Amino acid sequence: MAYKGHKINPKKFEKSQIKIILMVLPMVLLTGLPIVYIIFHAFKPMEELFAFPPKFITTNPTFDNFRMLFKNSQTAGIPLSKYVFNSILITVSVVFSSLIISTAAAYALSKLKFKGRVLAMNINQLALMFVPVAVMIPRYLVVNVLGLTNTYWAQILPLIPLPVALFLVKQFVDQVPDSLIEAAYMDGAKEMQIYRKIIIPMIKPAIATAAILVFQQVWGNLEASNYYVNDDGLKSLVFYMNTLASTTTTNTVAGQGVAAAASLIMFLPNLILFCFLQNKVMNTMAHSGIK
């Protein structure tokens, strides 16, 4: 297909693409350079960490920062593997539970008729306005009354409800044709069958995007380990990294390298997850603009 002599989505480079590249390049630099800096910064030797003016690219990369990080973790009473296990257990539990609840609730709020449906959706939209700090005290009181302090449940249950995930998934379920669901009813399908075999396959892009949102919320969450757990053996990796980096930074100049290595370790899972799910996320963004 051609338009005024230019091909749409050509397989090879054409001069007409230069203006598009020049338009996109500033956005790529703004979003990509911080990621590059985090990676290079973690491998900087001591003299480059405090160089003035600061160096963006590491000229003499080293693994000393990571060696120091793991050396400090070995001197602690609880091994690093325990914190890793805690974070993986909490993150996987929250992401899986949140996606199940969000998709099921989105199907119910979008396609099923029941009393209080509009009220429930309005409450979810209202919850989008509150930042976590605003509900920190009520959340702690609920956790304390239920007797969940110093347990894994205190770090899992409060993070499962994510209003933005439900809102996003519901927008996709709204676009599933009602006629398709009615045809399934006529064929004798039950609600659970429709949910598993029709709704879930058709909203996979939204599920992938919601998974990234939930993962980011849980993986970098400090609130649960700070306020709900006193036992160090139950705390998450992000809490340990934050504590270790802040302690070494205040005690010695070398702590800057430890903090840089810890930041990269905590950042990489987010980057890897996005790389695996980026196609689904792009489909979500494109599909959300089609009405």
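These figures come from a predicted structure and were not determined experimentally.
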Chemist: Answer yes or no: is there a side-chain heavy-atom contact under 4.5 Å between Asn124 and Lys170?
Modeler: no
Chemist: Keeping the roles fixed (side chain from Thr62, backbone from Pro45), state whether a donor-acceptor pair exists under 3.5 Å.
Modeler: no
Chemist: Has Asn150 got a side-chain atom pairing as donor or acceptor with Asp231's backbone, closer than 3.5 angstrom?
Modeler: yes
Chemist: How about Phe63: does its CZ atom have over 12 heavy atoms from other parts shown lying under 6.0 Å from it?
Modeler: no
Chemist: With distance as the sole test, does Thr91 use its side chain to make a donor-acceptor pair with the main-chain N or O of Ile88 at under 3.5 Å?
Modeler: no
Chemist: What is the minimum heavy-atom distance between Trp219 and Met266, and which atoms define it?
Modeler: NE1-O, 3.0 Å
Chemist: Going by atom types alone, do Thr103 and Tyr195 pair a side-chain donor with an acceptor below 3.5 Å?
Modeler: yes
Chemist: Test side-chain contact (heavy atoms from CB on, under 4.5 Å) on Ile265 and Leu69; report intermediate values, then the result.
Modeler: CA-CA 11 Å; Ile265 291 175; Leu69 174 62; 3.5 Å; yes
Chemist: So does Leu222 get a backbone contact from the side chain of Asn226, meaning a donor-acceptor N/O pair under 3.5 Å?
Modeler: yes
Chemist: Check whether more than 12 heavy atoms from other residues, nucleotides or ligands sit under 6.0 Å from atom CZ of Phe130, and answer yes or no.
Modeler: no
Chemist: Between Lys44 and Thr58, what is the shortest heavy-atom contact and its length?
Modeler: CG-OG1, 3.2 Å
Chemist: Is it true that a side-chain atom of Gln171 and a backbone atom of Ala206 form a donor plus acceptor pair closer than 3.5 Å?
Modeler: no
Chemist: Please name the pair of heavy atoms, one in Gly233 and one in Lys82, separated by the smallest distance, quoted to 0.1 Å.
Modeler: O-CE, 2.9 Å
Chemist: Which heavy-atom pair separates Leu99 from Ile207 by the least distance, and what is that distance?
Modeler: CD2-O, 3.9 Å
Chemist: Under 3.5 Å, is there a donor-acceptor pair between the side chain of Glu48 and the main chain of Thr59?
Modeler: yes
Chemist: Side chains of Leu112 and Arg117, heavy atoms from C-beta outward: is any pair under 4.5 Å?
Modeler: no
Chemist: Under 3.5 Å, is there a donor-acceptor pair between the side chain of Thr31 and the main chain of Val28?
Modeler: yes
Chemist: Other residues, nucleotides and ligands only: do more than 12 of their heavy atoms fall within 6.0 Å of CG on Leu25?
Modeler: yes
Chemist: Please indicate whether Phe66 has more than 12 foreign heavy atoms, meaning atoms of other residues, nucleotides or ligands, lying under 6.0 Å from its CZ.
Modeler: yes
Chemist: Does one side chain, of Asp232 or Tyr240, offer a donor that lies under 3.5 Å from an acceptor on the other?
Modeler: no
